[in-house]
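So you know, we letter chains A, B, ... as the sequences are listed, proteins then strands, and number each from 1.
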There are 2 protein chains.
Amino acid sequence: MELSKGVEWALHTCLNLSWIEGGEAKTTAELAAYYDLPQAYLNKQLQALTRAGILSSTPGPRGGFRLDRDPEQLSLLDIVVAIEGRVAAFACEHLLADGPGGDASVDYALTCVLSQAMSRAELAWRRELASSSLADIRREVEAKYPQTPGATRAWFLTARADGRRLARR
Amino acid sequence: MELSKGVEWALHTCLNLSWIEGGEAKTTAELAAYYDLPQAYLNKQLQALTRAGILSSTPGPRGGFRLDRDPEQLSLLDIVVAIEGRVAAFACEHLLADGPGGDASVDYALTCVLSQAMSRAELAWRRELASSSLADIRREVEAKYPQTPGATRAWFLTARADGRRLARR
DNA sequence: GTCTGCATACTCGGATAAGAGCTGTCCGAGTAGCTTAGG
DNA sequence: CCTAAGCTACTCGGACAGCTCTTATCCGAGTATGCAGAC
């Protein structure tokens, strides 16, 4: 039970995109170069975010990705689910159905006490992630590290200038 | 991000063992037959539980596994960790260290706001699992399905009688 | 009858394959902008 | 000089391998039991 690395990348990339906000799209190459990530694989994650309606993409020159949702309305859970697909689903259906006195017509996810306990834990996890919006994170970072937004913006400006070099990676 | 099937098996098997309690050890074959599980693979999970000090094992004839800890002192988290090993650890260390202004000497797991948010969620999950002991689960099952403990005990008695047949599986 | 030694069968334990999913990579479809030729 | 068509280069998107971890299996080490033989 390990989270994909893509989740980490997606979270930080969404945060960076929320600071850009020039209405300007950022390419996979730029976003990957920021953290020195494999370009093509990050692109795969960005595709997933686009399918989920979190980012919007435009092909061709001057294309790239931009944030397509209000950070206030974008929770960490949205991002995690977009990348991971399904989340750890724990259900005892087959187990109890195959045991003595098992009944295939019963939904054991609802009756099994252990299954319910595991679901409560999973729910607590989801609730915690759903309670933090990207805007919350942004505010917290700005409070702790006031220079971060400006530094990030500046980096991406120079990156645009050096675009040709980045593309060679 | 999917939990091992072994977690589910381990939870139910520990619950069953807590009902047996005759001081008598149950073999992998018996425990596996109860849910019609692959014997050798369940054995692997039981080994992990033994290494974690949750079960105790005795080899040879009349051997098997028995619960080696007070159900009051055994949380669901203990069992999950025993099977899964490590739990979903989310840390942004390498990511931020490789970014602009990254510093290899900084522990970003403590400074990164996103990492902290993810840790809070994981903590909520662990706390929820740690708050349920096996004894709690047992009490709840006995309240909802009073006949279950007796039925389980009875099944394992006949299984002992039919031991030879089970071993052929 | 009782004790001792041995053979037997049984159970766990770790070492060993097969499959699924995550990780990483590459090339094609489509588009914006530049170039160039014509009016 | 202005316009328009074509070309170029750039970017996303999905299809294609490599690798780690989960799933599944098998055989060997060690032990309690039952039996046989001696005292």
Next item on the list: Have a look at Y34(B) and tell me which of W155(B), W9(B), W19(B) forms a ring-ring contact (aromatic ring centres under 6.0 Å, His included) with it.
Entry: W155(B)
Item checked: Length of the line joining K5(A):NZ and dC22(C):P, which is rounded to integer Å -> 14 Å
Check: Between Y41(B) and dT23(D), does any side-chain N or O lie under 4.0 Å from OP1 or OP2?
Finding: yes
Notebook entry, point to check: Separation of L3(B) atom CG from dT23(D) atom C1', in whole Å?
Noted result: 15 Å
Margin query: Do the side chains of E128(B) and R127(A) get close enough for a salt bridge, i.e. N-O under 4.0 angstrom?
Written below: no
Checklist line | Residue pair E142(A) / T148(A), side-chain donor-acceptor N/O under 3.5 Å | finding: no
Checklist line | In one Ile/Leu/Val/Met/Phe/Trp/Tyr side-chain cluster, 4.5 Å: Y108(A), Y145(B) | finding: yes
Item checked: Euclidean distance, atom CG of residue L37(B) to atom P of dT22(D) [Å, nearest integer] -> 19 Å
Next item on the list: Classify every nucleotide of nucleotides 30-35 of chain D by which part a protein heavy atom approaches to under 4.0 Å, writing B for the base, S for the sugar-phosphate alone and - for neither, in 5'-to-3' order.
Entry: BBB---
Next item on the list: Could you tell me whether a side-chain N or O of S4(B) sits under 3.5 Å from a main-chain N or O of V7(B), the two making a donor and an acceptor?
Entry: no
Check: If you measure from the Lys or Arg side-chain nitrogens to the Asp or Glu carboxylate oxygens, is any gap between R126(B) and E122(B) under 4.0 Å?
Finding: yes
Next item on the list: Give a yes/no on whether any side-chain N or O of S4(B) is located under 4.0 angstrom from OP1 or OP2 of dT23(D).
Entry: yes
Next item on the list: Take atom CG of L31(A) and atom C1' of dC10(D), then tell me their distance rounded to the nearest Å.
Entry: 16 Å
Check: When you measure from the side chain of D36(A) to the backbone N and O of A33(A), does any donor-acceptor pair fall under 3.5 Å?
Finding: no
Item checked: Donor-acceptor under 3.5 Å (E84(A) side chain, V81(A) main chain) -> no
Checklist line | Residues from residues 42-58 of chain B lying under 4.0 Å of DNA chain C - heavy atoms | finding: N43(B), K44(B), Q47(B), R51(B), S57(B), T58(B)
Check: Does a donor on one side chain and an acceptor on the other come within less than 3.5 Å for N16(A) and T13(A)?
Finding: no
Note to self: Near DNA chain C, counting only heavy atoms under 4.0 Å, which residues of residues 7-19 of chain A show up?
What the structure shows: W9(A)
Check: Do you see a donor-acceptor pair shorter than 3.5 Å between the side chains of Q47(B) and T50(B)?
Finding: no
Check: Sub-3.5 Å donor-acceptor pair from the side chain of D98(A) to the main-chain atoms of L95(A), do we have one?
Finding: no
Margin query: Can you work out whether G6(A) or A40(B) has the more 5'-proximal nearest nucleotide on DNA chain C?
Written below: A40(B)
Notebook entry, point to check: Taking atom C1' of dC10(D) as reference, at what distance in whole Å does atom NZ of K26(A) sit?
Noted result: 16 Å
